[in-house]
Structures are given as C-alpha cells and as structure tokens.
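Note that the structure is a prediction, hence the values are computed from the model and not measured.
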Amino acid sequence: MPSHAMEGNLHLARDLRALRKARGMTLAEIGVKLRRSVGWLSQVERGLSVPSLGDLRAFAAVFGVPVSLFFGHEVGNDSERGVIVRGQRRRSLGTSESGLVEELLSPDLGGSFEMLRSVFAPGAELSEIALRQTEEAGYLVSGRFDIEIDGVWHHLDEGDSFRFAAKPFRWKNPHREPAVVIWVVSPPVY
C-alpha cells in the first residue's frame, strides 16, 4: 500500500474510533450492528484492515453520519496533516437539497471537540427537537438565525453567539438569506 494510502487509512481509523467513543459504544455493540467480528473492528480502528465502501455505508448508518465524512482526508503538505485544514480541502457533510451544508473545520474527529462551518438555507429547519450529551457553541458569521434552546426561542443576528450543554434544541432559518454559523461541539458527534 502506498504511503499516502496508508496515511489516509490511519485517519479513517481514528475517525471511526472517535465516532464510536463519542457515542459510548463498545466494539462488541458495533460488531452486532454490523455483523462483524470484534477482531476485525479492532483491526479497522488500528488501521490494519481497510473497510469496503459497503462497510463504510454500514458504519455511517450506525453512527448517523453521511458517508462523505469518511472521505477527503487529503492535505497538501504532510507537515499540515492533523493541524491545518485548507479552505478548498474541507470535508463537506451535507447537500444543498437538505437545507444544511456543513464543512468540517477540524482536521479530524480525534480531539475533544469538532468545529463546523454550517450554512443554513433560507427556509431550512430542524423541526424535531434534538438532544445530545454534548456542549455546543456557535457564532453567527452572517445572516439571521433562530435557535430554540431548552424551550426558549432566541433570534440571532450577525455577530451573535450561543452556548448550551445537554439541552434540547432545534433551529430554523425563516429568513431570505442563508445563515452561516461556526458551530463547535464537544465531544465530536460527526
């Protein structure tokens, strides 16, 4: 296996392990869901076995993330790997059809938090209340944005920010222009 392919596999391995740990799941629990052995899963998480595209789709379904998260580990300069994310090399995590496009600003999912650039299309909304065991913060770069935290709606303008921990939330963009939010989540959920 060429060196760059091995390096990409190690980043994928770290991301899979970080996702599993963020969800508080054991290798045995993942093994049952994927119908794979704990030994194979351990090898994947250590970068010793390479999952197929079908395996990646199954991982994505178990973790509730888009398959695209597992791609795009390329960096222009090896000294930047795990440290720098260039604007043109961000991993995209959504589609414009969904009303929300997110880009991973963090180099990987292995740290104690993740940072995302989220673009909420006009009319987009999360209508179902979400609750995750995380601490989250955001900064509204442009546009206007509405977020409900623990039953209270907050209307944000450009330059406003928010933070909450393990509280029910939902959001909407009822405005005519996209809302761009830098969103930080700890621990990583993608």
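Between Leu140 and Leu156, the shortest heavy-atom contact is CD2-O, 3.5 Å. Taking each heavy atom of Gly99 and Ala124 in turn, the nearest pair found is O-CB, 3.3 Å. Scanning all heavy atoms of the two residues, the minimum distance from Gln43 to Ser49 falls at OE1-OG, 2.9 Å. Leu56 and Pro51 make their closest contact through CD2-CG, 3.8 Å (heavy atoms, listed as atom of the first residue, atom of the second, distance). Thr134 and Pro187 get closest at one heavy-atom pair: CG2-O, 3.7 Å. The shortest heavy-atom contact between Glu158 and Ser142 is OE1-CA, 3.6 Å.
A distance-only check finds a donor-acceptor pair linking the side chain of Ser186 to the backbone of Ser112 [under 3.5 Å]. Remark: the backbone N or O of Met115 is paired with a side-chain donor or acceptor of Ser106 at under 3.5 angstrom. Panel note: side chain Arg20, backbone Met25; a donor-acceptor pair is recorded below 3.5 Å. Using a distance-only test at 3.5 Å, with no hydrogens or angles considered, a donor-acceptor pair links the side chain of Arg23 to the main chain of Phe63.
His155 is not listed as a side-chain neighbour of Arg144, based on a closest heavy-atom distance of 4.5 Å or more. At a threshold of 4.5 Å between non-hydrogen side-chain atoms, the residues Phe162 and Ile147 count as touching. Within the 4.5 Å cutoff, no side-chain heavy atoms of Glu148 are placed close to those of Asp146. For the pair Glu45/Leu27, a side-chain contact is recorded, criterion being any heavy-atom separation below 4.5 Å from C-beta on.
Interatomic distance, Ile30 CD1 to Arg36 CZ, rounded to the nearest 0.5 Å: 13.5 Å. Of the inter-residue distances, the one linking Arg163 atom CZ with Glu135 atom CD reads 5.5 Å to the nearest 0.5 angstrom. Here the CG-OG distance, from Leu48 to Ser42, works out to 7.5 Å after rounding to the nearest 0.5 Å. Atom CG of residue Leu126 and atom CG of residue Asn173 lie 13.0 Å apart, to the nearest 0.5 angstrom. Atoms NE2 and CD1, from His154 and Ile149 in turn, are 4.5 Å apart once rounded to the nearest 0.5 Å. The structure places NZ of Lys21 at 10.5 Å from OG1 of Thr26, a figure rounded to the nearest 0.5 Å.
Trp171 and Val180 fall into different hydrophobic clusters, where Ile, Leu, Val, Met, Phe, Trp and Tyr side chains are chained together by heavy-atom contacts under 4.5 Å. Hydrophobic clustering (ILVMFWY, side-chain heavy atoms < 4.5 Å, transitive): Val119 and Leu105 are in one cluster. Under a hydrophobic-cluster definition in which Ile, Leu, Val, Met, Phe, Trp and Tyr are linked whenever side-chain heavy atoms come within less than 4.5 Å, directly or via other members, Val85 and Val101 are assigned to different clusters. Both Leu16 and Leu41 sit in one connected hydrophobic cluster of ILVMFWY residues. Membership requires side-chain heavy atoms under 4.5 Å apart, directly or through other members. With hydrophobic clusters built from ILVMFWY side chains whose heavy atoms lie under 4.5 angstrom apart, Val141 does not share a cluster with Leu116.
Side-chain atoms of Ser118 and Glu102 include a donor-acceptor pair closer than 3.5 Å.
For Lys167, the NZ atom sits in a loose shell: 12 or fewer heavy atoms of surrounding residues, nucleotides or ligands are nearer than 6.0 Å. Counting heavy-atom neighbours within 6.0 Å of Phe113 CZ, excluding the residue itself, gives a total of 12 or less. Within a 6.0 Å radius of CZ in Arg17, no more than 12 heavy atoms belonging to other residues, nucleotides or ligands are found.
Under the 30°/60° scheme for interplanar angles, the aromatic rings of Phe120 and Phe145 are found to be tilted. Taking the six-membered ring where tryptophan is involved, the planes of Trp183 and Phe169 are tilted, since the angle between them lies from 30° to 60°.
The pair Arg170-Glu125 does not meet the salt-bridge criterion, since no charged nitrogen lies less than 4.0 angstrom from a carboxylate oxygen.
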